[in-house]
Amino acid sequence: MRVLVTGGAGFIGSHVVRALRARGHETVVLDVRADPPSDVRDVEAVRRALTGVDAVCHQAAMVGLGAGFADAVEYVSRNDLGTAVLLTAMAEAGIRRLVLAGSMVVYGEGRYTCGRHGTVRPGPRTVADLDAGRFEPPCPVCGADLAPGLVGEDAPADPRNVYATTKLAQEHLAAAWARATGGSAVSLRYHNVYGPGMPRDTPYAGVASFFRSALARGVAPQVYEDGCQRRDFVHVRDVAAANVAALEAGSPDGALTAYNTGSGEVRTVGEMARALAAAYGGPEPVVTGAYRLGDVRHVTADSARLRGELGWTARVGFAEGMREFAAAG
């Protein structure tokens with residue numbers, strides 16, 4: 001296949017390009033960091049990039065938390081307008097296969113169970129609770145403690161910040177494109193991706209990158225809340241392999257299929273910080289009790305659908321991946 005990879009010069013996109021080439025596919029890169037630079041919002045640039053293309057792997061996006069509204073226009077422009085431009089050009093060109101870089105942030109909080117009320121969905125955490133160090137969301141019915149679990153693709157969406165809202169809008173746009181054109185669309189809902197090539201020292205880098213940058217400066221990583229936030233840290237090479245599997249397998253025509261894309265290993269942010277610090281030789285992380293209002297407490301993936309339907313399996317374990325990430329500098 002000849003595959004257009006938008007964002008193909010970026011962190012995840014560059015790994016996707018390498019994985020596709022290793023499988024014998026031809027790749028075309030459209031990226032503001034490429035030579036020449038091309039913006040996915042540029043209609044003519046997108047049309048040129050789609051010439052002779054069989055499928056599209058859409059990685060281009062503005063990433064990060066987007067907790068406030070200062071960047072709302074830029075998030076919507078880059079993520080949603082850019083996706084609309086791409087899909088319109090694909091429809092014109094008759095290209096009917098798409099893999100979208102989705103995100104677990106569309107869920108908001110993950111899956112929780114109350115001993116009395118079963119599966120429940122807690123509301124957003126309040127400033128008063130966070131200021132008081134009450135980080136765990138209570139049962140919205142009785143206020144009791146909750147047990148976090150794995151969230152499946154059928155869980156209702158509940159985006160809780162600007163970035164999350166734009167990622168859900170991308171899925172809706174892709175689903176509308178698939179229905180209108182009879183195309184095949186897959187959204188890979190990435191969990192916390194890390195690995196070589198991850199950007200550092202930018203407002204939109206992931207927590208793993210911030211911790212590694214601190215360690216490189218000889219500064220203790222600053223862990224928010226109590227460090228017990230549950231996440232699924234998935235290696236970028238495994239994410240790239242999931243993109244290849246989705247492109248090669250396709251999905252039902254006229255619909256969008258979502259797949260959680262996680263390692264299957266539930267870890268806490270504190271565990272990740274300690275593993276990186278140990279691999280780096282210190283200093284030890286510091287738990288600060290600080291918080292970001294747009295953050296969720298726990299969200300971890302059930303990736304059984306991706307494994308079962310596409311035959312994909314995460315290959316890089318947590319300990320191995322963290323050692324490699326620390327050594328990557």
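Heads up: numbering here begins at 1 and tracks the sequence.
The shortest non-hydrogen separation linking H191 to G262 is CB-CA, 4.4 Å. Nearest heavy atom pair, residue D39 against residue A45, reads O-CB, 4.4 Å. Annotation for A326 and Y280: closest pair O-CE1, 3.4 Å, computed over non-hydrogen atoms. Pairing each heavy atom of P199 with each of F11, the nearest pair is CD-CB, 3.8 Å. Summarising the geometry of A241 relative to W312, their closest heavy-atom pair is C-CD1, 3.9 Å, with the distance given to 0.1 Å. The two residues A242 and L306 come nearest to each other via the heavy atoms CB-CD2, 4.2 Å.
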Which donor-acceptor pairs under 3.5 Å do side chains of residues 133-143 form with protein atoms, sequence neighbours excluded?
| residue | atom | partner | partner atom | Å |
| --- | --- | --- | --- | --- |
| R134 | NE | D129 | OD1 | 2.8 |
| R134 | NH2 | D129 | OD1 | 2.8 |
| E136 | OE1 | H298 | NE2 | 2.9 |
| E136 | OE2 | R297 | NE | 3.1 |
| E136 | OE2 | R297 | NH2 | 3.0 |
| E136 | OE2 | H298 | NE2 | 3.1 |

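When the options R230, R125, R292 are evaluated for a salt bridge (Lys or Arg N to Asp or Glu O under 4.0 Å) with E225, the one that passes is R125. Each of F325, Y190, Y194, F318 was scored for a ring-ring contact (aromatic ring centres under 6.0 Å, His included) with H235, with one residue passing: Y194. Between L247 and the choices L98, V186, V99, the side-chain contact (heavy atoms from CB on, under 4.5 Å) rule is met once, by V99. Shown are E309, R307, R305; of these, the side chain to side chain donor-acceptor pair (under 3.5 Å) with Y259 is made only by E309.
By the 4.5 Å heavy-atom criterion applied to side chains, D232 and E265 are not counted as neighbours.
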Going through the distances and angles, do V223 and V269 end up as a side chain to side chain contact (heavy atoms under 4.5 Å, CB included)? CA-CA 7 Å; V223 179; V269 173; 4.2 Å; yes
Evaluate side chain to side chain donor-acceptor pair (under 3.5 Å) for T119 paired with R111, printing each intermediate quantity in order. CA-CA 7 Å; T119 300; R111 185 177 186 273; 3.2 Å; yes
Decide side chain to side chain donor-acceptor pair (under 3.5 Å) for Y291 and D226; before the verdict, give the C-alpha distance in whole Å, the side-chain angles of both, and the deciding distance to 0.1 Å. CA-CA 9 Å; Y291 64 86; D226 57 3; over 6 Å; no
Could you walk me through whether V76 and L81 satisfy the side chain to side chain contact (heavy atoms under 4.5 Å, CB included) test, starting with their C-alpha distance in whole Å, then the side-chain angles of each, then the deciding distance to 0.1 Å, before giving a yes or no? CA-CA 6 Å; V76 172; L81 175 60; 5.9 Å; no
Checking side chain to side chain contact (heavy atoms under 4.5 Å, CB included) for the pair T257/S187: CA distance, chi angles, key distance, verdict? CA-CA 6 Å; T257 305; S187 177; over 6 Å; no
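At a threshold of 4.0 Å, the pair R78-E74 counts as salt-bridged, since one of the basic side-chain nitrogens sits closer than that to a carboxylate oxygen. With respect to the salt-bridge test (charged N to carboxylate O, under 4.0 angstrom), the residues R47 and E44 qualify. Between E171 and R189, at least one side-chain nitrogen of the basic residue sits less than 4.0 Å from a carboxylate oxygen of the acidic one, meeting the salt-bridge criterion. Note on E284 versus R274: no salt bridge recorded, every NZ/NE/NH1/NH2 to OD/OE distance being 4.0 Å or above.
Residue pairs satisfying the salt bridge (Lys or Arg N to Asp or Glu O under 4.0 Å) criterion with at least one member in residues 242-257, sequence neighbours excluded, are listed as follows: R23-E248.
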